[in-house]
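Working notes for the structure below.
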Amino acid sequence: MDAKIYPVDPDAFAGWDGTIAGARRLQRELAARVRLVDDFAPPRLIAGVDVGFEEQGTITRAAAVLLDAQRLVPQAEVLVRRPTTMPYVPGLLSFRELPALLEALRALPEVPQLVYVDGHGIAHPRRLGIAAHLGVASGLPTIGVAKTILVGTHAPLGESRGARTPLLDGGTPIGTLLRSKDRVAPLIVSPGHRVSLATAPELVLRALTRYRLPEPTRLADRLASQREAKAAARRR
DNA sequence: GCGACAG
DNA sequence: ATCTTGTCGC
């Protein structure tokens, strides 16, 4: 049976019975609420969110960083730590990370016009990756920026920065592979909510500097994974 | 039934 | 994701 019951967060999982099968049913329902049309104000403030773990995975760390959309300079950052409630199950990432992520996002001093999420948007088996789920749960425009493919196929991609090719699932476009830097593995970009398939990669390009990851998710990733503290501790 | 499988 | 040293390349 599907006996195991997980904690249900009313904000992100209203109506979920706590089971794995129920999680997949809820994803199909929520996917119908995803809007793939550009519907956001010209970004003045953008945010990046990501999750990391401590204590053998028993503690979840969610980070949210607010940045000036024009200069890509951080304006504020939030880090929340909570007990981990669910294991990682491919396709159900949001059920493990979304509650903490929403808490971090809500704690930011201002509401961003656009949120960059570490993970897929609609490039998901049931079209509800964590970026799409965060979008419908918060109502905010979101973009998914993942480092590897979960589902879909694609044609060969050019080696230079800016090269791109569609990510397809049974012939249907679900995202874009985007080379953000020469000779580095491409980013898999897909819309989360209130952003179109064509605009998503453009918004990622605008948030790039000299690294593979766009600034919002790069900074959130560093904070969530304690890059700073770990590097310092290891040097001693 | 046998693989694949975001973070 | 996390555990981890050195090493290759711009």
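Chain letters run A, B, ... following the sequence lines, proteins first and then strands; every chain starts at 1. Just the heavy atoms: all of them, side chains too, but no hydrogens, waters or symmetry mates, feed the values below.
A donor-acceptor pair under 3.5 Å is absent between the side-chain atoms of A/Tyr211 and the main chain of A/Ser180, judged by distance alone. In this structure, A/Asp68 contributes its side chain and A/Arg71 its backbone to a donor-acceptor pair below 3.5 Å.
Checked against A/Arg61 for a salt bridge (charged side-chain N to carboxylate O under 4.0 Å, His left out), the options A/Glu54, A/Glu97, A/Glu55 give a single hit: A/Glu54.
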Per-nucleotide protein contact along nucleotides 5-10 of chain C, 5' to 3', at a 4.0 Å heavy-atom cut-off (B base, S sugar-phosphate only, - neither), is S-----

Per-nt protein contacts along nucleotides 2-7 of chain B (heavy atom under 4.0 Å; B base, S backbone sugar-phosphate only, - none) come out as ---BBB

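No side-chain N or O of A/Ser160 forms a donor-acceptor pair with one of A/Asp182 less than 3.5 Å apart. With no hydrogens or angles considered, no side-chain donor-acceptor pair links A/Thr84 and A/Thr58 at under 3.5 Å. There is no side-chain donor-acceptor pair under 3.5 Å between A/Asp50 and A/Thr217.
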Apply the test side-chain contact (heavy atoms from CB on, under 4.5 Å) to residues A/Lys147 and A/Arg212: give CA-CA distance (whole Å), side-chain angles for both, the deciding distance (0.1 Å), then the verdict. CA-CA 10 Å; A/Lys147 295 177 282 298; A/Arg212 178 161 86 119; 3.5 Å; yes

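Counting to the nearest Å, the C1' atom of C/dC3 and the CD atom of A/Gln226 are 14 Å from each other.
Rounding to the nearest 0.5 angstrom, the gap separating the CH2 atom in A/Trp16 from the CD1 atom in A/Ile5 is 8.5 Å.
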